[in-house]
Amino acid sequence: MPAYIVYQADVHDPEQYAKYIAESGPAVRAAGGTYLARGGAGEVLEGDPPSGRTVLIEFPTMEQAGACFRGPEYARIRELRVSAANARSVVVIGVEP
């Protein structure tokens, strides 16, 4: 069953964050992830708008999503983001089609 990482980031160092984006994309794809949304325009339907960027990544399984996020490759790349943005990430299980 698919799983989705929902990621939101408040970027305070765009130059450093650009380095994170450049490296995180290939690492996520190599781990089986597919970007479904990556910080594009959105519309608030209810509640307060999220600040910053919202990213949605699909993985074939919950295990693959967790392995990507916790793995050594992403851990190295994550350090680029830590100094550039405050982030929140959650992984949720998908539903059967």
Side-chain angles (χ1 to χ4, degrees):
M1 193 155 346
Y4 301 89
I5 290 180
V6 181
Y7 164 89
Q8 292 183 317
D10 301 320
V11 178
H12 49 76
D13 183 342
E15 187 174 304
Q16 179 70 12
Y17 195 79
K19 296 174 187 175
Y20 165 76
I21 289 174
E23 292 197 39
S24 64
V28 165
R29 287 188 287 278
T34 301
Y35 284 94
L36 301 179
R38 196 168 189 188
E43 175 186 351
V44 175
L45 300 176
E46 186 174 355
D48 295 327
S51 57
R53 299 172 52 84
T54 299
V55 177
L56 179 63
I57 308 167
E58 181 180 44
F59 284 87
T61 66
M62 183 77 97
E63 292 76 21
Q64 281 179 272
C68 175
F69 190 81
R70 295 181 187 100
E73 178 66 13
Y74 185 77
R76 179 189 65 77
I77 296 165
R78 183 178 173 273
E79 290 303 312
L80 295 171
R81 196 245 331 130
V82 168
S83 65
N86 297 323
R88 294 161 299 286
S89 296
V90 62
V91 60
V92 295
I93 194 77
V95 297
E96 290 288 338

Query raised in the report: Going by heavy atoms in the side chains, are Arg81 and Lys19 under 4.5 Å from each other?
Result: no

Report task. Answer yes or no: is there a side-chain heavy-atom contact under 4.5 Å between Glu23 and Leu80? Result -> yes

Query - Positive for side-chain contact (heavy atoms from CB on, under 4.5 Å) with Tyr20, one of Asp13, Val11, Ile77 - result: Ile77

Query raised in the report: According to a 4.5 Å side-chain heavy-atom criterion applied to Ile, Leu, Val, Met, Phe, Trp and Tyr, with indirect links allowed, do Tyr4 and Val28 form part of one hydrophobic cluster?
Result: no

Query raised in the report: Going only through I, L, V, M, F, W and Y residues with side-chain contacts under 4.5 Å, is there a path from Met62 to Val95?
Result: no

Requested in this report: Decide, yes or no, whether a salt bridge links Glu73 with Arg76 under the criterion of side-chain N to carboxylate O below 4.0 Å.
Outcome: yes

Requested in this report: Determine whether Glu58 and Tyr35 make a side-chain contact, defined as any pair of heavy atoms from C-beta on separated by less than 4.5 Å.
Outcome: no

**Report entry** Hphob cluster co-occupancy, Leu36 + Tyr74, side-chain heavy atoms under 4.5 angstrom
**Finding:** no

Query raised in the report: Same cluster for Leu56 and Val90 if Ile/Leu/Val/Met/Phe/Trp/Tyr side chains link at under 4.5 Å?
Result: yes

Query raised in the report: In terms of side-chain heavy atoms, does Thr54 have a donor or acceptor partner in Gln8 at a distance below 3.5 Å?
Result: yes

Query raised in the report: Would a 4.5 Å heavy-atom cut-off, applied to side chains only, mark Thr34 and Arg29 as touching?
Result: no

Report task. Output the distance between atom OG (Ser83) and atom CZ (Arg78), rounded to the nearest 0.5 Å. Result -> 11.0 Å

Requested in this report: Starting from the C-alpha separation in whole Å, work towards a yes-or-no answer on side chain to side chain donor-acceptor pair (under 3.5 Å) for Arg38 and Ser24.
Outcome: CA-CA 12 Å; Arg38 196 168 189 188; Ser24 64; 3.1 Å; yes

Query raised in the report: Are any of the side-chain heavy atoms of Phe59 and Pro2 separated by less than 4.5 Å?
Result: no

Requested in this report: Measure the spacing between NE2 of His12 and CG of Asn86 and express it to the nearest 0.5 Å.
Outcome: 4.5 Å

Query raised in the report: Shared ILVMFWY cluster between Val6 and Ile57, side chains joined below 4.5 angstrom?
Result: no

